[in-house]
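Since the model is a prediction, treat every value here as computed from it, not as a measurement. Protein chains get the first letters and strands the later ones, always in sequence-line order, with residue 1 at the start of each. Excluded from the calculations below are hydrogen atoms, water molecules and symmetry mates; all remaining heavy atoms, backbone and side chain alike, are included.
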Amino acid sequence: MSERTIIPFGPQHPVLPEPIHLDLVVEDEKVIEAIPSIGFIHRGLERLVEKKDYVDYVYVAERICGICSFIHGLTYCMAIEELMKVQVPDRAQYLRIIWSELSRIHSHLLWLGLTADSFGFESMFMQSWRLREQILDIIEETTGGRVIFGSAKIGGVRRDISSVKMDEIMKKMNVYRKDIAQLCEQFMKDQTVKHRMQGVGLLSRADAISLGAVGPMLRGSGIAQDIRSTGYSGYDRIGFTPVTETAGDCYARCMVRMREMDASFVMIEQCVGKMTDGPIEVKVTGNPAGEFFMRSEQPRGEAIYYAKANGTKFLSRLRVRTPTFANIPPLLATLAGCQLADVPVIVLTIDPCISCAER
Amino acid sequence: MGMLSRSPWVIHYDGSSCNGCDIEVLAALMPRFDVERFGVVNTGNPKHADILLLTGSINEQNKPVVLNIYNQMPEPKVVLAVGICATSGGIFRECYNVLGGVDKVLPVDVYVPGCAVRPESIIDAVVKGVGILEEKRAAFKAAGKA
Amino acid sequence: MAQQQIIEITPAELIEKVSAMKAQGQRLVQICCSKLPDHLEVAYSFDKDFAFLSYRLTLADTSTPVPSISKIYGNSFHYENEIHDLYGVEVKGISIDFKGNFYRTALKTPFNCAPEGEVKP
């Protein structure tokens with residue numbers, strides 16, 4: 001039995017571009033406990049609702065996170081639409097799904113690159129980011145932005161995709177789908193990857209529920225919880241089954257994301273098949289009133305937007321609970337008892353997005 | 001071209017950005033943009049770095065961290081404020097926990113606008129920063145410090 | 001859209017209600033505090049099979065302490081610390097109590113002070 005040492009991890013460190021700080025209590029190489037300290041990128045943007053009216057706030061909501069920006073903007077819009085009883089046109093809903101799923105694919109590719117990099121697989125980082133650029137190209141062609149799409153608005157979407165463009169995109173997507181599947185296969189079959197991930201960072205099914213895990217973290221432990229099942233924004237019109245794995249380790253969480261990427265391609269294909277011509281937005285007048293908890297499934301898991309409005313232009317409260325914030329307690333539980341060298345891998349398998357978590 | 005300008009080492013720190021700019025900084029490293037072809041190396045150690053690339057605005061919590069990184073870097077050094085949040089606070093300027101742009105705490109050499117900033121702009125900014133680094137180096141030499 | 005329900009309860013009932021949720025295998029989704037003109041609201045939201053239920057406490061001000069539910073749900077500690085740091089609501093008996101150092105902000109209890117009281121440092 002040796003002495004306990006505290007190793008500070010972050011905020012500036014080479015694993016993640018974002019600042020996260022953990023105090024790791026270690027005994028030799030074994031992590032006994034991890035204590036987070038957050039607030040490095042806390043901006044307090046929930047309080048901006050007092051200064052920006054409910055229409056302008058869409059821009060702030062999109063900038064809560066630069067990876068799942070579209071889904072953030074969308075969830076905010078859906079919360080307001082729910083308060084104002086706005087029915088969004090079908091075409092807009094399908095477009096919203098297409099952009100949401102494109103976000104999911106690019107986010108998972110980004111995560112794959114960073115995870116591979118966390119254990120020194122740098123060529124995988126380069127490969128997955130190269131494929132991600134192609135997805136970003138499609139996003140840029142359809143919305144005009146690479147990171148912040150700016151295409152969600154209250155009552156619909158801001159831009160349409162023409163059918164000519166759509167065909168062009170679908171042709172490309174079929175190629176990308178194969179490329180990505182091949183990349184995933186290489187990654188998952190690799191002996192080193194298996195060695196680093198299988199049996200590492202175990203989270204049992206019971207713990208996943210009692211610690212409130214969300215997203216791939218929850219589904220990797222065998223629970224088929226995906227908010228897309230509730231059918232928001234037209235997800236009920238396309239076939240969808242949540243992806244689950246049962247092992248509960250880092251490898252299972254990777255597997256969930258890999259399979260989700262493929263599912264996203266299928267969903268986009270379905271949307272394109274079912275889309276009919278029509279309006280892409282409805283005019284929204286008046287001010288919201290009431291309260292609502294809007295939930296959506298981001299690449300990292302379930303996000304909750306709680307909007308409370310009092311009939312004026314300014315909301316009285318907006319609360320954003322992001323998936324990373326919910327995944328911190330299960331992360332701490334999986335870190336306890338692991339080897340120090342496994343910390344970066346485990347941290348990355350929750351796909352942390354610190355700017356969301358601290359808002 | 002001097003020694004430094006052929007291979008500037010960059011350290012990146014995320015102040016309180018939304019992640020968008022950070023991801024674009026990383027995107028500048030991957031095969032399409034590949035800043036490494038200019039000899040730019042992304043380092044994690046402030047003592048190895050010539051250029052400090054900051055994204056996001058400054059807040060109470062990260063102020064000492066940013067200053068600490070800056071103070072550890074060897075002279076001459078250049079500071080790039082990447083993205084609109086780093087230049088002025090951007091959309092989050094009115095938040096209570098945001099002090100403002102990077103220039104509230106550090107002397108900024110290059111301001112890069114954009115929300116999110118594009119990888120091309122980041123490469124341009126680094127190239128511009130390298131020019132400034134050369135000037136600073138020359139002044140440094142003239143002052144008899146190197 | 002799946003159903004959602006908000007039930008008003010008193011702080012004294014909280015532990016009992018939350019324990020009952022745990023026994024049903026519900027997942028604690030979030031704890032959210034809201035500042036309204038004359039009072040504070042704290043909502044504890046649970047989910048099971050997409051049915052979304054929130055228990056809501058109404059507090060006149062921050063002088064009423066709220067019992068911590070971290071003994072029942074281990075993940076509540078960071079929501080409770082958040083409520084304490086941003087609103088100044090006292091939460092009694094949090095398993096990992098950061099004592100006001102979870103968020104380090106320029107203002108004390110920034111979500112519970114008048115906008116005009118805000119002075120940029």
Side-chain angles (χ1 to χ4, degrees), chain A residues 33 35-40 42-44 46-47 50-51 78 82 206-214 218 223-227 229-233 236 291-295 302-308 310 315-322 325-333 357-359, chain C residues 1-6 21-22 24-37 40-43 45-54 56 70 72-79 81-83 85-87 95-96 98 100-107 110-115 118:
Chain A
E33 197 184 6
I35 302 160
S37 117
I38 69 170
F40 288 96
H42 176 68
R43 289 153 285 184
E46 286 169 0
R47 270 202 82 183
E50 294 162 13
K51 291 171 183 160
M78 289 193 300
E82 194 68 38
D207 280 352
I209 297 179
S210 70
L211 292 173
V214 294
L218 189 60
I223 298 150
Q225 163 95 11
D226 191 315
I227 305 300
S229 306
T230 62
Y232 71 87
S233 182
D236 47 354
E291 59 184 328
F292 194 74
F293 287 96
M294 185 71 223
R295 299 196 287 165
E302 167 197 42
I304 300 178
Y305 272 61
Y306 169 63
K308 195 179 178 88
N310 50 10
L315 299 180
S316 46
R317 169 79 165 128
L318 178 78
R319 193 260 198 278
V320 186
R321 202 282 273 136
T322 56
F325 197 77
N327 269 334
I328 290 176
L331 168 69
L332 301 180
E358 300 179 4
R359 307 171 307 279
Chain C
M1 188 46 67
Q3 65 200 72
Q4 58 177 252
Q5 216 186 344
I6 300 174
M21 295 308 263
K22 173 86 176 183
Q24 287 173 28
Q26 299 259 6
R27 191 167 59 93
L28 174 71
V29 175
Q30 63 121 20
I31 303 174
C32 154
C33 188
S34 313
K35 160 89 177 138
L36 294 157
L40 289 163
E41 283 176 350
V42 185
S45 309
F46 300 88
D47 169 288
K48 193 185 183 186
D49 302 325
F50 307 111
F52 193 77
L53 177 88
S54 303
R56 185 151 73 194
S70 56
I72 309 165
Y73 281 99
N75 62 328
S76 73
F77 78 89
H78 69 329
Y79 295 109
N81 276 300
E82 183 183 59
I83 291 171
D85 288 8
L86 300 183
Y87 290 90
S95 56
I96 305 175
F98 285 78
N101 291 317
F102 193 53
Y103 278 95
R104 266 171 274 171
T105 52
L107 285 164
F111 279 60
N112 191 6
C113 61
E118 259 179 52

Undergrad: Could you tell me which portion of C/L36 (side chain, backbone, both or neither) has an atom closer than 4.5 angstrom to a non-hydrogen atom of chain A?
TA: side chain
Undergrad: Is it the backbone or the side chain of C/S45 that comes under 4.5 Å from a heavy atom of chain A, or both, or neither?
TA: side chain
Undergrad: Please state whether the side chain, the backbone, both or neither of A/A206 comes within less than 4.5 Å of a heavy atom of chain C.
TA: neither
Undergrad: I'd like to know if the side chain of A/R321 and the backbone of C/V29 have a donor-acceptor N/O pair within less than 3.5 Å.
TA: yes
Undergrad: Can you tell me how far apart CD1 (A/I328) and CZ (C/F77) are? Round to the nearest 0.5 Å.
TA: 8.0 Å
Undergrad: So what's closer than 4.5 Å to chain C heavy atoms on A/I35: side chain, backbone, both or neither?
TA: side chain
Undergrad: Check whether C/L86 gets within reach of chain A through its side chain, its backbone, both or neither, counting any heavy atom under 4.5 Å.
TA: side chain
Undergrad: Could you walk me through whether C/E41 and A/R317 satisfy the salt bridge (charged side-chain N to carboxylate O under 4.0 Å, His left out) test, starting with their C-alpha distance in whole Å, then the side-chain angles of each, then the deciding distance to 0.1 Å, before giving a yes or no?
TA: CA-CA 11 Å; C/E41 283 176 350; A/R317 169 79 165 128; over 6 Å; no
Undergrad: Taking the side chain as every heavy atom from C-beta outward, state whether A/S210 and C/K22 have any pair of such atoms under 4.5 Å apart.
TA: yes
Undergrad: State which residues pass salt bridge (Lys or Arg N to Asp or Glu O under 4.0 Å) with C/R27; sequence neighbours excluded, sorted by chain then number.
TA: A/E302, C/D47
Undergrad: With a 4.5 angstrom heavy-atom cut-off, is it the side chain or the backbone of A/D226 that approaches chain C, or both, or neither?
TA: backbone
Undergrad: Is it the case that the side chain of C/H78 and the backbone of A/P329 share a donor-acceptor pair, with hydrogens and angles ignored and the cut-off at 3.5 Å?
TA: no
Undergrad: Distance check, rounded to the nearest 0.5 Å: A/N327 atom CG versus C/N75 atom CG?
TA: 10.0 Å
Undergrad: Considering only heavy atoms, which portion of A/Y306 lies under 4.5 Å from any heavy atom of chain C: side chain, backbone, both, or neither?
TA: side chain
Undergrad: Between C/F50 and A/R295, is a side-chain contact (heavy atoms from CB on, under 4.5 Å) present by the stated rule, with each step listed?
TA: CA-CA 10 Å; C/F50 307 111; A/R295 299 196 287 165; 4.2 Å; yes
Undergrad: Under the side-chain contact (heavy atoms from CB on, under 4.5 Å) criterion, do C/F52 and A/T230 qualify, and how do the steps go?
TA: CA-CA 11 Å; C/F52 193 77; A/T230 62; over 6 Å; no
Undergrad: By side-chain hydrogen bond (donor to acceptor under 3.5 Å, both in side chains), which residues pair with A/D236, not counting sequence neighbours?
TA: none
Undergrad: Of all of C/C33, C/S54, C/S76, C/A43, which one pairs up most often with chain A through heavy atoms under 4.5 Å apart?
TA: C/C33
Undergrad: Is chain C contacted by the side chain of A/L318, its backbone, both, or neither, given a heavy-atom distance below 4.5 Å?
TA: neither
Undergrad: So what's closer than 4.5 Å to chain C heavy atoms on A/I304: side chain, backbone, both or neither?
TA: side chain
